[in-house]
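Reviewing the structure listed below.
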Amino acid sequence: MTYTFHAETPSIDDYRRLRAVSGLSVKSEAAARLGLPNTCHAVVARCQGRAVGMGRVIGDGGCHFQIVDMAVEPEHQGRGIGKRIFTDLVAWLRESAPDTAYVSLIADGDARHLYAKEGFEPVMPASIGMAMWVHGFPGRADGLREA
């Protein structure tokens, strides 16, 4: 299979579908409509024109950035798509973000090994990542509760 990579924000439908099929938490259409225009940079991987992977950088454009929404359709995983998307996002940050910018991400499972190759390090014990769901836990696309 041949994949192409595009510097573009995913469509609302592709964004919601890719999050769902990759096991990330489901986002409503209203939330996606509000959130996606605030993307600083994004990469979409396509196979035969269909979006099969994505990743985004969000933030204030100067001081703080976060890499989010790393997702690849299960049938396309293991082919270097996520690695290429992540590498492209980091390259954009290295070119565009000011020297004093802080870039963060949340590493799920073994993804931390990929992120470490680009210079990301655990922040503990100096800091600890924290999160909350504003209106309670919405669940994941596969129906499982996250720990």
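Note that these values count all heavy atoms, side chains included, but never hydrogens, waters or copies made by symmetry.
Residues P74 and V21 are in side-chain contact: their nearest non-hydrogen atoms beyond the backbone lie under 4.5 Å apart. The closest side-chain heavy-atom distance from V43 to L89 is below 4.5 Å.
For the atom pair D13 CG and E29 CD, the distance stands at 7.0 Å (nearest 0.5 Å). From I85, atom CD1 reaches atom CD1 of I67 across 11.5 Å, with rounding to the nearest 0.5 Å. Separating the CG atom in L18 from the CE atom in M54 is a distance of 5.0 Å, to the nearest 0.5 Å. Atom NE2 in H113 sits 14.0 Å away from atom NZ in K83 (nearest 0.5 Å). Rounding to the nearest 0.5 angstrom, the gap separating the CE atom in M70 from the CG atom in L105 is 9.5 Å. Between atom CG of residue L36 and atom OG of residue S11 there is a gap of 8.5 Å, rounded to the nearest 0.5 Å.
The heavy-atom pair separating S22 from V72 by the smallest distance is CB-O, 3.7 Å. Of all non-hydrogen atoms in G62 and A101, the two that sit nearest each other are O-CB, 3.5 Å. Closest non-hydrogen pair, A51 versus D14, comes out as CB-OD2, 3.4 Å. Closest heavy-atom contact between V90 and E118: CG1-OE1, 3.5 Å. Across all non-hydrogen atoms, the minimal contact from A32 to I12 is CB-CG2, 4.0 Å. Between G61 and C40, the shortest heavy-atom contact is N-SG, 4.3 Å.
The aromatic rings of H41 and W92 lie parallel to each other, their planes meeting at an angle below 30°, with 60° marking the opposite boundary. By the 30° and 60° cut-offs, the orientation of the rings of H76 relative to Y3 is perpendicular.
V123 and M130 fall into different hydrophobic clusters, where Ile, Leu, Val, Met, Phe, Trp and Tyr side chains are chained together by heavy-atom contacts under 4.5 Å. When the side chains of ILVMFWY residues are joined at heavy-atom separations under 4.5 Å, either directly or via intervening members, F5 and L93 end up in a single hydrophobic cluster.
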Between F120 and V103, is the side-chain contact (heavy atoms from CB on, under 4.5 Å) condition met? List the steps.
CA-CA 9 Å; F120 285 82; V103 182; 3.8 Å; yes
Go through the steps for V26 and R19 under the test side-chain contact (heavy atoms from CB on, under 4.5 Å), then give the verdict.
CA-CA 6 Å; V26 175; R19 284 190 61 90; over 6 Å; no
Between R50 and Q48, is a side-chain contact (heavy atoms from CB on, under 4.5 Å) present by the stated rule, with each step listed?
CA-CA 6 Å; R50 176 182 165 82; Q48 299 177 339; 5.8 Å; no
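Side-chain contact annotation: T9 with R56, donor-acceptor N/O pair under 3.5 Å absent.
Between R84 and D88 there is a salt bridge, with a side-chain nitrogen of the basic residue lying less than 4.0 Å from a carboxylate oxygen of the acidic one.
Note: Y102 and F65 fail the aromatic proximity criterion, with ring centroids not under 6.0 Å apart.
Each of I106, T39, I58 was checked for a side chain to side chain contact (heavy atoms under 4.5 Å, CB included) with V68, and the lone residue meeting it is I58.
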